[in-house]
Undergrad: 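Handing you this structure, nothing more for now.
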Amino acid sequence: DIGGSRASSANITAGLLDELQVGRLILMGSEADICVMHTANDAYMRKFELWVPGNCTASRAPSGVTASLELMKRNLKADTRRYRAGKGLQ
């Protein structure tokens with residue numbers, strides 16, 4: 001059962017993040033409109049602050065990145081500012 005495995009994995013990860021007292025997550029990935037968005041939504045529901053650097057995510061369609069970042073910024077309160085090596089947020 002893939003859904004059950006994912007849910008179990010998410011619970012284990014959430015428990016570890018709680019134990020480590022993590023409050024903010026940095027998310028990046030190759031499918032902003034699928035994987036990154038689902039992970040961001042799950043993290044938001046668990047009350048994590050989110051940073052999804054706009055230049056550290058991708059999608060098969062460039063418009064997918066733009067739309068996904070806008071949605072995460074608006075609905076999930078994600079910080080979508082770009083990352084600059086050695087400088088942090090841009």
Undergrad: On a heavy-atom basis, which atom in T39 and which in L27 lie closest, and how many Å separate them?
TA: CG2-CD2, 3.9 Å
Undergrad: Please name all residues satisfying side-chain contact (heavy atoms from CB on, under 4.5 Å) with C56, sequence neighbours left out, ordered by chain then number.
TA: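 side-chain contact (heavy atoms from CB on, under 4.5 Å) check on C56 returns M28, P53, Y83.
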Undergrad: Does any non-hydrogen side-chain atom of D79 lie less than 4.5 Å from one of L50?
TA: no
Undergrad: Measure across F48 and V22 and return the closest heavy-atom pair with its distance rounded to 0.1 Å.
TA: CE2-O, 3.2 Å
Undergrad: Only counting residues at least two apart or in another chain, list the ones meeting side chain to side chain donor-acceptor pair (under 3.5 Å) with E70.
TA: none
Undergrad: Minimum heavy-atom separation for A43 and L25, please, with both atom names.
TA: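 Shortest heavy-atom separation between A43 and L25 comes out as CB-CD1, 3.7 Å.
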Undergrad: Any idea which heavy atoms bring V52 and A78 closest together, and the distance?
TA: CG2-CB, 4.2 Å
Undergrad: For E49, enumerate each residue passing the salt bridge (Lys or Arg N to Asp or Glu O under 4.0 Å) test, keeping only those at least two apart in sequence or located in another chain.
TA: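 None.
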Undergrad: Which atoms form the tightest heavy-atom contact between K77 and Y44, and what is the distance?
TA: CG-CE1, 4.0 Å
Undergrad: In Å and rounded to the nearest 0.5 Å, what is the CG to OG1 distance from N55 to T80?
TA: 10.5 Å
Undergrad: Using every non-hydrogen atom in the two residues, find where S59 and G64 come nearest and quote the distance to one decimal.
TA: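 For S59 versus G64, the nearest heavy atoms are OG-CA, 4.1 Å.
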Undergrad: Working to the nearest 0.5 angstrom, can you tell me the gap between R81 CZ and L69 CG?
TA: 13.5 Å
Undergrad: Is any side-chain N of the basic residue among R60 and D33 closer than 4.0 Å to the acidic one's carboxylate O?
TA: no
Undergrad: Using side chain to side chain contact (heavy atoms under 4.5 Å, CB included), reason through V36 and M72 one step at a time and then give a plain yes or no.
TA: CA-CA 10 Å; V36 177; M72 288 184 272; 4.2 Å; yes
Undergrad: Nearest 0.5 angstrom please: M37 CE to T57 OG1, how far?
TA: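 If I round to the nearest 0.5 Å, the distance is 10.0 Å.
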